[in-house]
*Asks:* 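Before I ask anything, here is the structure I am working with.
Quantities reported herein were computed from a predicted structural model and do not represent experimental measurements.
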Amino acid sequence: LLVLSMLVPAVHGLTFGDAYQGRTFLYAVLLEVFVLIFIWLAVKNNKKSVKRHAGLWSLLLFFIVFPMALAVPFQEVLVTGGIIDAYLDLVSVITTTGLKVFPDSSLTGTLIVWRVCLGWLCGFLMWVFAWSIFAPLSLGGFELLEKKDNIKANVQNVFVDRGSLPSEKFWNETVRLAPIYISITIVFSVALLISTRDPGFAVLRAMSTIATFGIYLPGDGARGFAAELTLFIIMMFALSRTTFSISFFRKKYFELFFDREFCLGLAIIFCSTVAIFIFIFEGEFELLKVASLAWGAFFTSISFLTTTGLVSEFLPSEFTTFIEANLILLALAMFGGGVATTAGGIKLLRIYILGKHCRLEVHHLLSPAQVITGQNNQKLKNYHNAMLACVFFMVFVLSFALITLGLALTGSSINEAAALTLATITNTGPIVEQINISSDSIIEFEFLAKVILVGSMVLGRLEVLALLALLNP
């Protein structure tokens with residue numbers, strides 16, 4: 001499917017007068033389809049039993065090997081950079097990170113359309129992979145989910161059928177989620193078209209936003225309150241899996257406000273909006289100015305919390321110079337969105353569990369002699385979830401430190417290395433632009449630094465515990 005996505009730039013290039021790029025991608029499609037057919041013929045009669053972590057290994061190879069095949073035609077039509085730069089950019093697209101590797105001027109309209117379509121498809125695959133691979137293995141945040149009022153039931157038998165083959169799980173989830181994902185994209189593309197009057201931009205921005213893929217798009221942009229409100233609603237789908245569940249589309253909307261991730265996400269957005277507004281507000285009190293700044297802070301907060309990385313046009317042009325506001329955005333990106341969504345980061349569910357556990361521990365310290373009643377099984381479950389979230393947080397911090405150290409050893413400054421690490425491990429590439437790190441500097445990085453960035457993006461998308469699970473037979 002992703003190989004066939006190269007037909008998009010092929011058709012676009014041949015239609016709009018860029019015949020060289022169109023032919024390049026067309027030949028790449030024919031060659032890679034030919035190779036895939038031979039691979040399929042070689043393995044179709046393979047009767048070996050499926051290993052427990054076969055899906056994880058396949059996912060790891062997908063993020064590492066597949067961009068290599070796409071990088072060849074991409075590099076062929078580029079005018080700057082080398083093959084490693086094309087590979088780095090495509091890993092950024094496939095992991096929906098949106099890290100800016102090449103200057104905007106070096107990307108033609110054909111390449112921009114292809115990158116958005118590829119990111120949109122990979123955003124959908126993140127939904128499918130979450131339910132078909134992570135859920136059966138109790139990874140990716142699913143280890144913290146259990147069926148209500150059934151303590152002994154675990155996530156394996158709540159969400160998916162462990163007896164199905166990996167390919168069956170994949171296609172079952174594809175059929176279940178595809179209508180929802182496509183419908184959301186179409187509806188909000190039309191909404192953006194009404195507000196922007198630009199069909200190309202409306203479709204591409206809706207596709208990139210639902211995939212939390214905040215890359216540069218040519219045009220006037222999503223200007224005005226109506227356009228940003230539309231994008232805000234799209235980004236709410238990355239706060240919790242409940243927003244695109246079957247019960248939500250059966251008009252059970254109030255269930256959303258009982259979802260822990262969604263409620264915590266709204267609370268974090270509100271607090272960050274107030275904090276950013278306090279830091280950036282200057283001058284006299286004017287109602288229109290206050291409302292514009294408040295909305296700009298609100299929109300930008302949810303954008304970085306969902307790891308999309310779009311900045312509101314209602315914020316002042318010197319917004320990037322406010323260090324305190326930038327630190328808040330970095331923290332939001334690290335928190336991340338909901339489990340089983342396209343957002344990266346630590347995930348809101350883990351933040352909720354850690355916060356709840358800290359509150360209980362502080363309460364216990366303040367009242368050590370208090371007698372607490374309740375079921376022991378429930379206490380055991382809460383403690384187990386807190387330990388899992390704590391382990392993930394510690395491994396996340398350790399990975400962050402090691403990647404930052406690796407980038408620093410290749411010649412980057414500490415500030416630059418930390419910013420790049422946060423942008424890649426949380427899959428929020430626009431952070432680099434927000435803190436004024438030039439994209440030209442990424443092209444000029446050493447080969448080893450670019451490999452580290454690739455590894456960091458893959459690590460952020462797969463999550464640390466999933467890679468550790470590969471080491472557990």
*Asks:* Under 6.0 Å from the six-membered ring centre of Trp131 and within 45° of its axis: does the NZ or CZ of Arg241 meet both?
*Replies:*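 Ring-cation test returns no.
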*Asks:* Would you sort out whether Leu192 and Leu231 count as a side chain to side chain contact (heavy atoms under 4.5 Å, CB included), showing the intermediate values?
*Replies:* CA-CA 8 Å; Leu192 278 176; Leu231 296 179; 3.8 Å; yes
*Asks:* Hey, does Trp114 have a side-chain heavy atom less than 4.5 Å from the side chain of Leu70?
*Replies:*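 Yes - at least one pair of side-chain heavy atoms lies under 4.5 Å apart.
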*Asks:* Where do Leu329 and Val311 land on the side chain to side chain contact (heavy atoms under 4.5 Å, CB included) test, with the steps shown first?
*Replies:* CA-CA 10 Å; Leu329 297 182; Val311 178; 5.6 Å; no
*Asks:* Quick check, are the ring centers of Phe400 and Phe396 under 6.0 angstrom apart?
*Replies:*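 For Phe400 and Phe396, the ring centres are not under 6.0 Å apart.
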*Asks:* To the nearest 0.5 Å, what is the distance between CG on Asp104 and CD1 on Ile112?
*Replies:*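 Taking CG in Asp104 and CD1 in Ile112, the distance rounds to 7.0 Å.
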*Asks:* Does a side chain donor of either Thr95 or Thr97 reach within less than 3.5 Å of an acceptor in the other side chain?
*Replies:*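 Yes - a donor-acceptor pair under 3.5 Å links their side chains.
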*Asks:* Between Val451 and Phe447, is any pair of side-chain heavy atoms under 4.5 Å apart?
*Replies:*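 A side-chain contact exists here, since the closest heavy-atom pair is under 4.5 Å.
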*Asks:* Quick check on Ile323: does its CD1 atom have over 12 non-hydrogen neighbours (other residues, nucleotides or ligands) under 6.0 Å away?
*Replies:*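 Check fails, neighbour count at 12 or below.
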*Asks:* Look up atom CG in Leu7 and atom SG in Cys117, then write down how far apart they are to the nearest 0.5 Å.
*Replies:*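 So the gap between those two atoms works out to 11.5 Å.
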*Asks:* Is Trp127 close to Ile180 at the side-chain level, that is, under 4.5 Å between some pair of heavy atoms?
*Replies:*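 The answer is yes, as the side chains (C-beta and beyond) meet within the 4.5 Å cut-off.
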*Asks:* Please check if the side chain of Ser412 supplies one atom and the backbone of Ala417 the other of a donor-acceptor pair under 3.5 Å.
*Replies:*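 Judged by distance alone, no pair lies under 3.5 Å.
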*Asks:* How far apart are the closest heavy atoms of Asn427 and Met457, and which atoms are they?
*Replies:*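 It is ND2-O, 3.3 Å.
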*Asks:* Looking at every non-hydrogen atom in both residues, tell me the closest pair between Ala211 and Thr96 and how far apart they are.
*Replies:*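 Looking at all heavy atoms of both residues, the shortest contact is O-CB, 3.5 Å.
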*Asks:* Is the count of non-hydrogen atoms from other residues, nucleotides or ligands lying under 6.0 Å from Phe393 atom CZ greater than 12?
*Replies:*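 No, not enclosed.
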*Asks:* Report yes if the side chains of Phe62 and Ile94 come closer than 4.5 Å at any heavy-atom pair, otherwise no.
*Replies:*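 Yes, at least one pair of side-chain atoms sits under 4.5 Å.
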*Asks:* Does anything in residues 454-463 form a salt bridge (charged side-chain N to carboxylate O under 4.0 Å, His left out)? List the pairs, not counting sequence neighbours.
*Replies:*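 Qualifying pairs, neighbours excluded: Lys347-Glu463, Arg350-Glu463.
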*Asks:* Nearest 0.5 Å, please: how far is CG in Leu453 from CG in Leu88?
*Replies:*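 Leu88 atom CG to Leu453 atom CG measures 6.0 Å (nearest 0.5 Å).
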*Asks:* Under 30°, 30 to 60°, or over 60°: which ring-plane class applies to Phe74 and Phe102, parallel, tilted or perpendicular?
*Replies:*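 Geometry flag for Phe102 against Phe74: perpendicular rings.
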*Asks:* When you measure from the side chain of Ser456 to the backbone N and O of Ile452, does any donor-acceptor pair fall under 3.5 Å?
*Replies:*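 No, because the side chain of Ser456 does not come within donor-acceptor range (under 3.5 Å) of the backbone of Ile452.
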*Asks:* Do Leu60 and Leu56 come within less than 4.5 Å of each other through their side chains, counting heavy atoms only?
*Replies:*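 SC-SC contact between Leu60 and Leu56 ruled out.
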*Asks:* Using 0.5 Å steps for rounding, measure from the OG1 atom of Thr426 to the CG atom of Leu332.
*Replies:*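 Going from the OG1 atom of Thr426 to the CG atom of Leu332 covers 11.0 Å.
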*Asks:* With side chain to side chain contact (heavy atoms under 4.5 Å, CB included) as the criterion, how do Leu462 and Phe63 come out once you've worked through the C-alpha distance, each side chain's angles and the decisive distance to 0.1 Å?
*Replies:* CA-CA 9 Å; Leu462 283 180; Phe63 284 121; 3.8 Å; yes
*Asks:* Are Leu348 and Tyr352 close enough that some pair of their side-chain heavy atoms sits under 4.5 Å apart?
*Replies:*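 A side-chain contact is absent here, since even the closest heavy-atom pair is not under 4.5 Å.
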*Asks:* How long is the gap from CG on Leu118 to CG on Leu90, to the nearest 0.5 Å?
*Replies:*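 Rounded to the nearest 0.5 Å, the CG-CG separation comes out at 7.0 Å.
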*Asks:* So, applying side chain to side chain contact (heavy atoms under 4.5 Å, CB included) with Ser303, which one of Leu310, Ile269, Thr209 is it?
*Replies:*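 Per the side chain to side chain contact (heavy atoms under 4.5 Å, CB included) rule, the option paired with Ser303 is Leu310, out of Leu310, Ile269, Thr209.
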*Asks:* With a 4.5 Å cut-off on side-chain heavy atoms, are Val432 and Thr424 touching?
*Replies:*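 Not touching, per the 4.5 Å side-chain cut-off.
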*Asks:* Which salt bridge (charged side-chain N to carboxylate O under 4.0 Å, His left out) pairs, counting each pair once, include a residue from residues 55-80, with sequence neighbours left out?
*Replies:*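 Qualifying pairs, neighbours excluded: none.
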*Asks:* Under 6.0 Å between the ring centres of Phe298 and Phe232?
*Replies:*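 Centroid separation for Phe298 and Phe232: below 6.0 Å.
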*Asks:* Decide whether Thr306 and Thr212 meet the rule of one side-chain donor and one side-chain acceptor closer than 3.5 Å.
*Replies:*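 Result is no, nothing qualifies.
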*Asks:* Could you tell me how the ring of Tyr181 sits relative to the ring of Phe124: parallel (under 30°), tilted (30 to 60°) or perpendicular (over 60°)?
*Replies:*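 Tyr181 vs Phe124 ring planes: tilted.
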*Asks:* Evaluate side chain to side chain contact (heavy atoms under 4.5 Å, CB included) for Ile276 paired with Thr300, printing each intermediate quantity in order.
*Replies:* CA-CA 10 Å; Ile276 292 175; Thr300 307; 5.6 Å; no
*Asks:* Side-chain contact, heavy-atom cut-off 4.5 Å: Glu228 with Ser312?
*Replies:*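 With C-beta onward as the side chain, the pair touches.
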*Asks:* Can you tell me how far the CG atom of Leu125 sits from the OG atom of Ser132, to the nearest 0.5 Å?
*Replies:*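 The CG atom of Leu125 sits 9.0 Å away from the OG atom of Ser132.
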